[in-house]
Amino acid sequence: MTSMEPFGARLRRVMDERGPLCVGIDPHASLLAGWGLNDDVAGLERFSRTVVEAVADRVAVMKPQSAFFERFGSRGVAVLETVVREARAAGALVVMDAKRGDIGSTMAGYAEAYLHQGAPLFSDALTVSPYLGYGSLSPAVALARESGAGLFVLALTSNPEGPEVQHAVRADGRSVGATMLAHLAAENAGEEPLGSFGAVVGATVGDLSSYDLAINGPLLAPGVGAQGATAADLPKVFGPALRNVVPNVSRGVLRHGPDTGALRAAAERFAGEIQAVVAGS
(Lines give C-alpha, C1' and ligand atoms only; values in the text may rest on other atoms or scores of the structure.)
Protein backbone atom coordinates (compact mmCIF):
# COMPACT_ATOMS: atom_id res chain seq x y z
CA MET A 1 0.00 0.00 0.00
CA THR A 2 1.37 3.41 -1.00
CA SER A 3 2.27 5.70 1.89
CA MET A 4 -0.15 8.63 1.99
CA GLU A 5 -0.14 11.71 4.17
CA PRO A 6 -2.76 11.31 6.92
CA PHE A 7 -6.27 12.48 6.12
CA GLY A 8 -6.27 15.07 8.91
CA ALA A 9 -3.17 16.78 7.53
CA ARG A 10 -4.55 16.75 3.98
CA LEU A 11 -7.91 18.06 5.18
CA ARG A 12 -6.34 20.89 7.18
CA ARG A 13 -4.37 21.98 4.14
CA VAL A 14 -7.28 21.95 1.68
CA MET A 15 -9.54 23.72 4.20
CA ASP A 16 -6.92 26.45 4.59
CA GLU A 17 -6.52 26.74 0.82
CA ARG A 18 -10.14 26.47 -0.32
CA GLY A 19 -12.19 27.11 2.80
CA PRO A 20 -14.00 24.40 4.77
CA LEU A 21 -17.14 23.89 2.65
CA CYS A 22 -18.31 20.35 1.91
CA VAL A 23 -20.82 19.90 -0.91
CA GLY A 24 -22.99 16.80 -0.75
CA ILE A 25 -23.88 14.80 -3.85
CA ASP A 26 -27.38 13.50 -3.13
CA PRO A 27 -29.02 12.43 -6.40
CA HIS A 28 -32.44 11.54 -5.05
CA ALA A 29 -35.43 11.35 -7.35
CA SER A 30 -36.85 14.81 -6.58
CA LEU A 31 -33.58 16.56 -7.42
CA LEU A 32 -33.19 14.58 -10.63
CA ALA A 33 -36.71 15.65 -11.59
CA GLY A 34 -35.91 19.25 -10.68
CA TRP A 35 -33.04 19.11 -13.15
CA GLY A 36 -35.32 17.68 -15.84
CA LEU A 37 -33.61 14.28 -15.65
CA ASN A 38 -35.09 10.82 -15.58
CA ASP A 39 -34.77 8.77 -12.41
CA ASP A 40 -32.46 6.24 -14.02
CA VAL A 41 -28.74 5.53 -14.35
CA ALA A 42 -28.31 8.06 -17.16
CA GLY A 43 -29.91 10.76 -15.02
CA LEU A 44 -27.82 9.72 -12.04
CA GLU A 45 -24.61 10.00 -14.05
CA ARG A 46 -25.50 13.33 -15.65
CA PHE A 47 -26.45 14.84 -12.29
CA SER A 48 -23.48 13.58 -10.31
CA ARG A 49 -20.78 14.32 -12.84
CA THR A 50 -22.19 17.80 -13.46
CA VAL A 51 -21.89 18.58 -9.75
CA VAL A 52 -18.29 17.34 -9.76
CA GLU A 53 -17.48 19.36 -12.87
CA ALA A 54 -18.97 22.48 -11.32
CA VAL A 55 -17.42 22.53 -7.87
CA ALA A 56 -14.81 19.81 -7.23
CA ASP A 57 -11.99 22.12 -8.29
CA ARG A 58 -12.92 24.78 -5.72
CA VAL A 59 -14.40 23.22 -2.57
CA ALA A 60 -12.50 21.32 0.10
CA VAL A 61 -14.71 18.25 0.36
CA MET A 62 -17.35 16.41 -1.64
CA LYS A 63 -19.65 13.94 0.08
CA PRO A 64 -21.54 11.50 -2.14
CA GLN A 65 -24.43 9.73 -0.40
CA SER A 66 -23.88 6.10 -1.32
CA ALA A 67 -27.52 5.04 -0.97
CA PHE A 68 -28.66 7.14 -3.91
CA PHE A 69 -26.18 5.32 -6.14
CA GLU A 70 -26.73 1.85 -4.68
CA ARG A 71 -30.45 1.96 -5.49
CA PHE A 72 -29.51 1.50 -9.16
CA GLY A 73 -27.49 -1.63 -8.47
CA SER A 74 -24.12 -2.33 -10.03
CA ARG A 75 -24.51 0.36 -12.69
CA GLY A 76 -25.18 2.95 -10.02
CA VAL A 77 -22.13 1.86 -8.05
CA ALA A 78 -20.08 2.15 -11.24
CA VAL A 79 -21.22 5.78 -11.51
CA LEU A 80 -20.19 6.31 -7.88
CA GLU A 81 -16.71 4.96 -8.66
CA THR A 82 -16.40 7.52 -11.47
CA VAL A 83 -17.64 10.34 -9.25
CA VAL A 84 -15.12 9.52 -6.54
CA ARG A 85 -12.27 9.30 -9.02
CA GLU A 86 -13.13 12.55 -10.82
CA ALA A 87 -13.73 14.53 -7.64
CA ARG A 88 -10.39 13.49 -6.17
CA ALA A 89 -8.62 14.23 -9.47
CA ALA A 90 -10.01 17.79 -9.28
CA GLY A 91 -8.42 18.27 -5.86
CA ALA A 92 -11.39 17.78 -3.55
CA LEU A 93 -11.25 15.26 -0.74
CA VAL A 94 -14.07 12.71 -0.88
CA VAL A 95 -16.02 11.67 2.20
CA MET A 96 -18.09 8.61 1.37
CA ASP A 97 -21.38 8.98 3.22
CA ALA A 98 -22.27 5.35 3.76
CA LYS A 99 -22.67 5.28 7.57
CA ARG A 100 -21.38 1.73 7.80
CA GLY A 101 -21.43 -0.07 11.12
CA ASP A 102 -21.01 -3.75 11.97
CA ILE A 103 -18.70 -6.08 13.87
CA GLY A 104 -15.64 -8.18 13.25
CA SER A 105 -14.97 -9.46 9.75
CA THR A 106 -18.04 -7.69 8.37
CA MET A 107 -16.79 -4.31 9.55
CA ALA A 108 -13.41 -5.22 8.11
CA GLY A 109 -15.13 -5.91 4.78
CA TYR A 110 -16.74 -2.48 4.77
CA ALA A 111 -13.39 -0.94 5.61
CA GLU A 112 -11.74 -2.76 2.70
CA ALA A 113 -14.44 -1.48 0.35
CA TYR A 114 -13.88 2.20 1.11
CA LEU A 115 -10.56 2.62 2.90
CA HIS A 116 -8.15 0.31 1.07
CA GLN A 117 -6.15 2.29 -1.47
CA GLY A 118 -6.65 -0.34 -4.17
CA ALA A 119 -10.43 -0.45 -3.83
CA PRO A 120 -12.54 1.01 -6.66
CA LEU A 121 -14.47 3.09 -4.10
CA PHE A 122 -11.42 4.21 -2.10
CA SER A 123 -12.32 7.50 -0.45
CA ASP A 124 -10.42 9.94 1.69
CA ALA A 125 -12.81 9.30 4.57
CA LEU A 126 -15.91 7.29 5.42
CA THR A 127 -18.88 8.00 7.67
CA VAL A 128 -19.45 5.20 10.20
CA SER A 129 -21.96 4.35 12.92
CA PRO A 130 -20.55 3.40 16.35
CA TYR A 131 -23.79 2.18 17.87
CA LEU A 132 -22.72 -1.44 18.07
CA GLY A 133 -20.11 -0.07 20.46
CA TYR A 134 -17.21 2.17 19.52
CA GLY A 135 -14.83 -0.80 19.63
CA SER A 136 -16.73 -2.40 16.73
CA LEU A 137 -15.12 0.23 14.49
CA SER A 138 -11.60 -1.05 15.21
CA PRO A 139 -11.07 -2.65 11.77
CA ALA A 140 -11.96 0.64 10.08
CA VAL A 141 -9.79 2.66 12.44
CA ALA A 142 -6.82 0.39 11.79
CA LEU A 143 -7.17 0.42 8.01
CA ALA A 144 -7.73 4.18 7.93
CA ARG A 145 -4.48 4.67 9.81
CA GLU A 146 -2.64 2.33 7.47
CA SER A 147 -3.99 3.94 4.29
CA GLY A 148 -3.88 7.60 5.29
CA ALA A 149 -7.69 7.84 5.26
CA GLY A 150 -10.09 9.07 7.92
CA LEU A 151 -13.41 8.37 9.57
CA PHE A 152 -16.37 10.52 10.57
CA VAL A 153 -18.20 8.89 13.47
CA LEU A 154 -21.86 9.67 14.12
CA ALA A 155 -21.91 11.50 17.45
CA LEU A 156 -24.56 14.23 17.73
CA THR A 157 -26.72 14.07 14.63
CA SER A 158 -29.45 16.47 13.56
CA ASN A 159 -32.22 13.93 12.93
CA PRO A 160 -35.02 14.08 15.54
CA GLU A 161 -34.63 10.38 16.41
CA GLY A 162 -30.95 10.75 17.35
CA PRO A 163 -31.26 12.03 20.93
CA GLU A 164 -32.91 8.84 22.26
CA VAL A 165 -29.55 7.11 21.75
CA GLN A 166 -26.97 9.90 21.62
CA HIS A 167 -28.24 11.78 24.70
CA ALA A 168 -28.83 8.64 26.75
CA VAL A 169 -26.77 8.72 29.95
CA ARG A 170 -24.45 5.86 30.84
CA ALA A 171 -23.86 4.48 34.30
CA ASP A 172 -20.80 6.72 34.65
CA GLY A 173 -22.97 9.82 34.13
CA ARG A 174 -21.67 10.62 30.65
CA SER A 175 -23.95 10.66 27.63
CA VAL A 176 -23.40 8.27 24.73
CA GLY A 177 -22.63 11.17 22.39
CA ALA A 178 -20.05 12.57 24.80
CA THR A 179 -18.50 9.10 25.06
CA MET A 180 -18.05 8.96 21.29
CA LEU A 181 -16.36 12.37 21.32
CA ALA A 182 -14.01 11.17 24.07
CA HIS A 183 -13.06 8.10 22.04
CA LEU A 184 -12.24 10.33 19.06
CA ALA A 185 -10.16 12.68 21.18
CA ALA A 186 -8.13 9.66 22.27
CA GLU A 187 -7.65 8.52 18.64
CA ASN A 188 -6.38 11.98 17.68
CA ALA A 189 -4.15 12.61 20.68
CA GLY A 190 -0.84 14.14 19.65
CA GLU A 191 -1.70 14.38 15.94
CA GLU A 192 -0.67 17.55 14.12
CA PRO A 193 -1.98 19.69 12.51
CA LEU A 194 -5.28 17.78 12.81
CA GLY A 195 -6.28 14.24 13.62
CA SER A 196 -7.94 12.02 11.05
CA PHE A 197 -10.86 10.77 13.14
CA GLY A 198 -13.76 13.17 13.11
CA ALA A 199 -17.29 13.39 14.43
CA VAL A 200 -20.58 14.07 12.69
CA VAL A 201 -22.22 16.88 14.65
CA GLY A 202 -25.32 18.48 13.16
CA ALA A 203 -25.34 22.22 12.65
CA THR A 204 -28.98 22.31 13.76
CA VAL A 205 -28.62 20.52 17.12
CA GLY A 206 -28.52 23.74 19.14
CA ASP A 207 -26.56 24.42 22.30
CA LEU A 208 -23.58 22.08 22.66
CA SER A 209 -21.87 23.93 25.49
CA SER A 210 -22.10 20.83 27.70
CA TYR A 211 -20.13 18.76 25.15
CA ASP A 212 -16.38 18.82 24.67
CA LEU A 213 -15.90 19.25 20.93
CA ALA A 214 -12.13 19.68 21.28
CA ILE A 215 -11.31 16.28 19.79
CA ASN A 216 -8.31 17.49 17.74
CA GLY A 217 -10.18 16.24 14.71
CA PRO A 218 -12.66 17.54 12.14
CA LEU A 219 -16.36 18.04 12.83
CA LEU A 220 -18.56 17.27 9.83
CA ALA A 221 -21.61 19.50 10.19
CA PRO A 222 -24.63 18.68 8.02
CA GLY A 223 -27.65 20.95 8.16
CA VAL A 224 -26.49 24.19 6.55
CA GLY A 225 -28.81 25.48 3.85
CA ALA A 226 -32.09 23.69 3.19
CA GLN A 227 -32.17 22.06 6.64
CA GLY A 228 -32.26 25.47 8.29
CA ALA A 229 -28.82 26.30 9.67
CA THR A 230 -26.86 29.28 8.35
CA ALA A 231 -23.19 30.20 8.45
CA ALA A 232 -24.01 32.69 11.19
CA ASP A 233 -25.26 29.83 13.41
CA LEU A 234 -21.96 27.95 13.38
CA PRO A 235 -20.10 29.93 16.09
CA LYS A 236 -23.04 29.50 18.47
CA VAL A 237 -23.14 25.75 17.94
CA PHE A 238 -19.42 24.94 17.75
CA GLY A 239 -17.76 27.67 19.81
CA PRO A 240 -13.97 27.34 20.05
CA ALA A 241 -14.01 24.26 17.79
CA LEU A 242 -15.24 26.32 14.82
CA ARG A 243 -11.93 26.24 12.93
CA ASN A 244 -12.19 22.45 12.63
CA VAL A 245 -15.79 22.42 11.38
CA VAL A 246 -16.54 21.14 7.86
CA PRO A 247 -20.03 22.50 7.10
CA ASN A 248 -21.97 20.41 4.61
CA VAL A 249 -24.42 21.92 2.13
CA SER A 250 -26.33 19.66 -0.23
CA ARG A 251 -29.71 20.85 -1.49
CA GLY A 252 -28.76 24.49 -0.96
CA VAL A 253 -26.26 24.06 -3.80
CA LEU A 254 -27.75 21.18 -5.80
CA ARG A 255 -31.12 22.85 -6.41
CA HIS A 256 -29.34 25.40 -8.62
CA GLY A 257 -28.48 22.81 -11.28
CA PRO A 258 -28.18 21.70 -13.99
CA ASP A 259 -26.42 24.94 -14.94
CA THR A 260 -22.77 24.60 -13.87
CA GLY A 261 -22.37 28.33 -13.48
CA ALA A 262 -25.31 28.52 -11.09
CA LEU A 263 -23.97 25.56 -9.11
CA ARG A 264 -20.57 27.25 -8.82
CA ALA A 265 -22.13 30.53 -7.77
CA ALA A 266 -24.19 28.86 -5.05
CA ALA A 267 -21.18 26.96 -3.71
CA GLU A 268 -19.04 30.09 -3.75
CA ARG A 269 -21.72 32.06 -1.92
CA PHE A 270 -21.93 29.47 0.88
CA ALA A 271 -18.14 29.18 0.98
CA GLY A 272 -17.75 32.94 1.29
CA GLU A 273 -20.29 33.21 4.07
CA ILE A 274 -18.65 30.38 6.00
CA GLN A 275 -15.11 31.72 5.53
CA ALA A 276 -16.22 35.16 6.73
CA VAL A 277 -17.68 33.65 9.89
CA VAL A 278 -14.58 31.56 10.60
CA ALA A 279 -12.26 34.53 9.97
CA GLY A 280 -14.29 36.69 12.32
CA SER A 281 -14.43 34.20 15.17
Side-chain angles (χ1 to χ4, degrees), residues 5-25 51-52 54-63 87-88 90-95 124-125 150 152 155-158 181 184-185 188 191-256 261-281:
E5 187 179 20
F7 170 69
R10 293 185 288 121
L11 179 62
R12 176 80 276 156
R13 183 168 58 251
V14 75
M15 289 171 68
D16 292 345
E17 291 173 353
R18 298 184 172 193
L21 180 65
C22 170
V23 172
I25 307 177
V51 176
V52 171
V55 304
D57 65 345
R58 64 199 61 212
V59 302
V61 179
M62 302 207 72
K63 183 174 71 66
R88 297 188 75 229
L93 300 185
V94 171
V95 174
D124 297 285
F152 282 99
L156 297 166
T157 59
S158 55
L181 294 171
L184 292 167
N188 293 323
E191 296 294 330
E192 295 181 357
L194 188 67
S196 297
F197 299 94
V200 178
V201 178
T204 58
V205 296
D207 181 15
L208 292 176
S209 58
S210 62
Y211 287 89
D212 185 0
L213 300 177
I215 63 169
N216 190 34
L219 302 169
L220 181 63
V224 177
Q227 293 182 48
T230 67
D233 295 323
L234 298 175
K236 293 178 287 185
V237 176
F238 294 97
L242 180 61
R243 185 170 179 265
N244 294 336
V245 173
V246 183
N248 178 79
V249 179
S250 295
R251 282 172 289 170
V253 170
L254 302 178
R255 66 184 177 84
H256 293 280
L263 288 164
R264 287 191 190 106
E268 288 170 354
R269 177 174 60 82
F270 277 109
E273 292 172 356
I274 291 164
Q275 285 179 286
V277 166
V278 173
S281 63

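Basis for what follows: all heavy atoms, side chains included, without hydrogens, waters or symmetry-related copies. One is the number of the first residue; the rest follow in order along the sequence.
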Side-chain donor/acceptor of N216 to backbone N/O of E191, under 3.5 Å: yes
CG-CZ distance between L21 and R269, expressed to the nearest 0.5 angstrom: 11.0 Å
Taking every non-hydrogen atom, the tightest pair across N248 and S250: ND2-OG, 3.2 Å
Taking every non-hydrogen atom, the tightest pair across H256 and L263: C-CD2, 4.1 Å
Under 3.5 Å: donor-acceptor pair, side chain of R10, backbone of E5: yes
Polar side-chain atom of D16 near backbone of R13 as donor-acceptor pair, under 3.5 Å: no
For A221 against F238, the heavy-atom pair lying closest together: CB-CZ, 3.6 Å
Reported CG-to-CG distance for the pair L194 and N244, which is rounded to 0.5 angstrom: 5.0 Å
Any donor-acceptor pair under 3.5 Å from N188 side chain to S196 backbone: yes
Heavy-atom pair with the smallest gap, counting every atom of V23 and A267: CG2-CB, 4.5 Å
Side-chain (D124) to main-chain (V95) donor-acceptor, under 3.5 angstrom: no
For T204, all residues meeting side chain to side chain donor-acceptor pair (under 3.5 Å), sequence neighbours excluded: none
Interatomic spacing from CZ in F197 to CG in L184 - rounded to 0.5 Å: 9.0 Å
Results of side chain to side chain donor-acceptor pair (under 3.5 Å) for S209 - residues two or more places apart only: D207
Salt-bridge present (D57, R18; N to O < 4.0 Å): no
Side chain to side chain, I274 and V245, heavy atoms closer than 4.5 Å: no
Which atom of C22 lies closest to which atom of L220, heavy atoms considered: SG-CD1, 4.3 Å
Approximate separation, where rounding is to 0.5 Å, of R243 CZ and R12 CZ: 3.5 Å
V224 versus A203, closest heavy-atom pair with distance: CG2-CB, 4.1 Å
